[in-house]
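One structure is given below, encoded as structure tokens.
These numbers were taken from a predicted model, which means no experiment stands behind them.
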Amino acid sequence: MGGPAGEAAAEMEIQVCAGKSCRKDGALQTLDHFRGLAPPHVNVDSCGCLGRCGAGPNLVLLPSETVISHCSTVAHVARLLERQCGGGSAETNLAALELKGRGNAAFEKGRADEAERLFSQAIALSPVGGMHNLLCNRAAARVACGNPMGALEDADAAAVLKPGWSSAVIRRAEALAALGRGREALEAYHRLADTDAEFRRSKQYLRKVKELERATEAAA
């Protein structure tokens with residue numbers, strides 16, 4: 001899924017106010033837009049009140065501490081990332097995001113082949129924003145389509161773009177399990193649990209580990 005221009009850029013962070021007033025102005029949707037469009041070098045999170053109630057959704061760019069108000073549309077998010085964060089062409093990123101949304105919808109309805117095709121179309125646009133997300137989504141679709149080797153390649157590519165990213169590790173473990181490499185998948189899950197407390201406490205982790213342990217024991 002390509003090598004984005006932002007790969008070598010300095011780390012940045014965008015914090016979107018999740019205070020009551022900004023939530024009423026659509027802050028949670030804005031947060032989702034940023035997470036879907038941000039390039040790998042830009043971390044996105046929520047934060048407390050930024051003190052501009054009534055002008056939301058508000059956000060702050062770090063480390064510059066630039067506060068921006070009225071960031072309420074996906075187009076505004078894409079333009080901001082392009083101009084402030086080296087996020088690549090807003091037009092290209094928005095087109096890829098639209099294809100990603102259609103791919104997600106298809107996957108949720110059990111149409112993995114269609115989802116894989118839509119994610120591939122989005123990746124072919126070479127968007128800077130969200131490429132690592134697209135790779136992980138296509139990895140999940142490829143496992144469901146019976147192409148675990150392709151899924152492993154996507155997960156590894158996502159990990160190159162965003163090292164240490166939990167989603168890439170999870171997709172890699174799923175691909176390894178589908179390839180019959182259960183012990184490697186278990187090791188991947190355990191390493192992630194050692195560094196990600198939220199994942200370690202999740203039901204997903206416990207379920208996956210139990211499934212893999214049973215499978216590896218049966219194969220022994």
Side-chain angles (χ1 to χ4, degrees), residues 1-12 14 29-44 73-179 181 185 188 192:
M1 295 193 180
E7 186 176 10
E11 285 287 325
M12 300 180 68
I14 294 173
Q29 291 88 342
T30 295
L31 185 62
D32 284 342
H33 295 329
F34 273 111
R35 285 174 171 160
L37 287 166
H41 71 282
V42 178
N43 297 314
V44 179
T73 68
V74 66
H76 190 173
V77 168
R79 289 195 302 271
L80 187 151
L81 288 167
E82 179 181 17
R83 296 169 183 171
Q84 301 284 345
C85 306
S89 164
E91 182 178 349
T92 298
N93 292 341
L94 287 170
L97 185 67
E98 190 270 336
L99 287 165
K100 175 189 168 188
R102 290 167 56 194
N104 288 345
F107 188 78
E108 289 171 2
K109 293 177 181 177
R111 302 198 298 267
D113 288 340
E114 179 183 352
E116 195 273 344
R117 176 176 57 80
L118 289 164
F119 294 141
S120 293
Q121 289 176 6
I123 289 163
L125 295 176
S126 298
V128 173
M131 179 64 89
H132 54 301
N133 288 311
L134 285 166
L135 282 163
C136 276
N137 286 14
R138 190 171 69 173
R142 284 182 162 177
V143 166
C145 290
N147 180 15
M149 184 56 70
L152 184 61
E153 292 172 357
D154 280 347
D156 286 344
V160 170
L161 294 179
K162 197 170 181 69
W165 187 37
S166 296
S167 293
V169 177
I170 291 168
R171 295 302 182 217
R172 186 175 199 279
E174 290 171 348
L176 288 169
L179 286 165
R181 294 157 60 179
L192 178 58

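Taken to the nearest 0.5 Å, the CG atom of D154 stands 7.5 Å off from the OG atom of S120. For the atom pair Q121 CD and E116 CD, the distance stands at 10.0 Å (nearest 0.5 Å). Taking CD of E114 as the reference point, atom NZ of K109 lies at 8.5 Å (rounded to 0.5 Å). The line from CZ of R102 to CG of L118 is 5.0 Å long, rounded to the nearest 0.5 Å. In this structure, the separation between CZ on R142 and CZ on R171 is 13.5 Å, given to the nearest 0.5 Å.
In plain terms, the two heavy atoms of F107 and A141 that are nearest each other are CE1-CA, 3.7 Å. Across every non-hydrogen atom of A122 and A96, the tightest pair is CB-O, 3.7 Å. Summarising the geometry of C145 relative to D113, their closest heavy-atom pair is SG-OD1, 2.9 Å, with the distance given to 0.1 Å. Closest of all the heavy-atom pairs between A178 and P148 is CB-CB, 3.6 Å. Of all non-hydrogen atoms in H132 and L161, the two that sit nearest each other are N-CD1, 4.0 Å. When every heavy atom of L152 is checked against every heavy atom of A175, the shortest pair comes out as N-CB, 3.6 Å.
The shortest distance between side-chain heavy atoms of R172 and V169 does not fall below 4.5 Å. Proximity of F34 to L80: side-chain heavy atoms (C-beta onward) are separated by under 4.5 Å at one or more points. L99 is not listed as a side-chain neighbour of L134, based on a closest heavy-atom distance of 4.5 Å or more. Two residues are said to be in side-chain contact when any heavy atoms from C-beta on lie closer than 4.5 Å; F119 and N133 fail this criterion. The shortest side-chain heavy-atom distance between E174 and I170 falls under the 4.5 Å cut-off. Within the 4.5 Å cutoff, no side-chain heavy atoms of P40 are placed close to those of M131. No side-chain heavy atom of S126 sits less than 4.5 Å from a side-chain heavy atom of T92.
The closest donor-acceptor contact from the side chain of H41 to the backbone of C85 lies under 3.5 Å. Listed for the N93 side chain is a donor-acceptor partner under 3.5 Å among the backbone atoms of V128. Proximity of a side-chain donor or acceptor of N137 to a complementary backbone N or O of A115 within less than 3.5 Å is not detected.
There is a side-chain donor-acceptor pair under 3.5 Å between N43 and K162.
V77 pairs with exactly one of L94, L31, T30 by the side chain to side chain contact (heavy atoms under 4.5 Å, CB included) rule, that one being T30.
Between E82 and R79, none of the side-chain N atoms (NZ, or NE/NH1/NH2) sits under 4.0 Å from a carboxylate O, so this pair counts as no salt bridge.
By the neighbour-count criterion of 12 heavy atoms within 6.0 Å, atom CD of E91 is sparsely surrounded, having that number or fewer from other residues, nucleotides or ligands.
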